[in-house]
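The structure appears right after this line, and notes come after that.
Counting starts at 1 for both ligands and their atoms, in listed order. By convention here, the first residue in the shown sequence is residue 1. Fair warning: this is a prediction, and the values are worked out from it, not measured in the lab.
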Amino acid sequence: MLDNHHLTRRLTPAHIDLRPWPPIQLPALAQWEQQQAKVINTTNAGRSVIATKKLSSGALLLSERACIQWLYRGPQRQRYCFHCFHRVNHGVSCRSNHACQWDIIYCSKQCEAIQWWRQHRWLCRFSELDVLDTVDLLLALQLLPGSLDDLDSGMHDPLYDNQIERVCCRLFYMSSPHFQKALGRTLGQIRCNSFAVKQSHDQDGIKGKAIYLTGSMINHACDPNALVFFDDQDNSIQIRTCRSINKGEGIFISYGPLASREPSIIKRKEILQQRYFFDCQCDACRQVITSSPQQRFIKCQACMTGRLERNQARCEECHCAYDWDELTKQEQRIEMYLARDAFEQALKIQRQIYDKDAHIIGQTLDQLAHFYAMRGSFKESAKYSRESLAIVCKTFGPESIEAAEEMLKLSTLLFNANLPQEAKAQIQKTIQVHRKLGLDQQNPEDFNELQTMLFLLYNARYKCGIGSV
Ligand SMILES: C[S@@+](CC[C@H](N)C(=O)[O-])C[C@H]1O[C@@H](n2cnc3c(N)ncnc32)[C@H](O)[C@@H]1O
């Protein structure tokens, strides 16, 4: 815990050089690749980026370097340069060597010097500040107030007052109200515009946080049509379309919540409100009014052809009343089967009560594929994976990121199931879609595995699956 009293005593103003730190030269806004997009003003979500021509899936929209960034504490501190995020082979340590308790390394003396003069010379002695909840503040202190003028300032979070009070005023004697107000605004901008930087080989591994000036002009959608990729080498981002986009249509990435993973609009809205202070106005969140086929997935019990959304009183085809108590009973049975890993029984009931292409059926098929693969029954597993892929293609499109993930699974299963002809055809399709979406660069390990499987299949060294090659 930060002990303000102790730290303040250790530090008199004479110890800290409070002259303005060298301000960061913010780069000019990056260019949209081949003028494929432009920024417009909207009434419900501030500025928004739209396509200026028809874009196909996988088109590169933007490549941009971060203007400020912060590498989180953890094992990544030994692998990446604290200043520029480049991978480090022989690290340079902080000039104060053992006195520095920040556990950081740099890729070069130049990076060490920039970081030292920008900030580290006065942070070096406060390893207590190297905690998650001060990251935004430390990022903000690298900038002169007002230097992120171009970015949305979001809302004011009262938590920041506490941070500013705790760290700046008490520790560094920066107490002018003007300074505090400006800093509060910058903190709001960092909160609403920063990206969690992911490691390319591990989508769940967060390396740090960064601001990309142009990338942060792109609004959020829970069913996005563009994806962000991080380059492990220089921490730049690439933004690519993951669906085809018509001229004039908005371009959206996801800031976190995805309709495909979290169907509850309320929950998604809550997450966005809490993290970024806005009420999501994306199409997927406004669908309550015009329900999508995915929401109308419950089969009418009377005519079996009508499709209802949850809690709809009557079928629109045959006008019969729907018995929701009966459905609740059936769904409780499904839950019970799923909890016991009795996926086939669960699927049987789901097929009776839901539309054959319902996302929920796709999820059970996926669980079944996983269940059989874990037990080495690859043919059985591939059977369910094929069906799951068909549903994903219908729901998200055959060249979507979701389809690409399912295709990768099916390719591996077919290979392991000793079905060479189908495996070859599937792997080729998977390779094409991965290339189109830029996943070959984003997940090179998966892509290499696909190529290896194909190579082995064509070179007749393939006998019966990965394990025996
Ligand atoms: C990273 S900025 C995006 C660019 C921003 N619209 C601007 O004018 O600079 C994030 C902010 O955009 C707005 N925004 C983004 N996606 C939105 C959405 N789906 N619904 C409503 N507002 C959204 C919110 O104000 C949010 O704080």
Taking the six-membered ring of Y80 as reference, does the cationic atom of K207 (NZ for Lys, CZ for Arg) lie under 6.0 Å from its centre and within 45° of its axis?
yes
What about Y354 and F297, are their ring centers closer than 6.0 Å?
yes
If the threshold is 4.0 Å, N to carboxylate O, is there a salt bridge linking K53 and E33?
no
Which one of N44, N219, N41, V49 has a non-hydrogen atom at the shortest distance from atom 15 (C) of ligand 1?
N219
Just going by heavy-atom distances, which of H220, K269, R47 is nearest to atom 16 (N) of ligand 1?
H220
From the list R310, E309, R307, side chain to side chain contact (heavy atoms under 4.5 Å, CB included) partner of I298 resolves to R310
Any side-chain donor near an acceptor of the partner, E406 and S388, under 3.5 Å:
yes
Quick one: which ligand 1 atoms are inside 4.0 Å of a heavy atom on S216?
1 (C), 2 (S), 3 (C), 4 (C)
Looking at ligand 1, does F277 have a heavy atom less than 4.0 Å from it?
no
Heavy-atom contacts with C280 under 4.0 Å: which atoms of ligand 1 show up? List them by number with element.
19 (N), 20 (N)
If you count the atoms of ligand 1 from 1 in the order shown, which ones are under 4.0 Å from a heavy atom of M217?
4 (C)
Is there a polar contact between ligand 1 and S48, counting only N or O atoms under 3.5 Å apart?
no
R77 and D130 ion-paired at < 4.0 Å:
yes
Applying a 4.0 Å heavy-atom criterion (strictly less than), which segment of Y255 is in contact with ligand 1: side chain, backbone, both, or neither?
side chain
Is there a polar contact, in the sense of an N or O pair closer than 3.5 Å, between A45 and ligand 1?
yes
So, T430 versus S411: side-chain donor-acceptor pair below 3.5 Å or not?
yes
Would you call R243 and D223 a salt bridge, using N to O less than 4.0 angstrom?
yes
Counting only heavy atoms closer than 4.0 Å, does ligand 1 sit against the backbone of D279, its side chain, both, or neither?
backbone
Is it true that A221 lies under 4.0 Å from ligand 1, counting heavy atoms only?
no
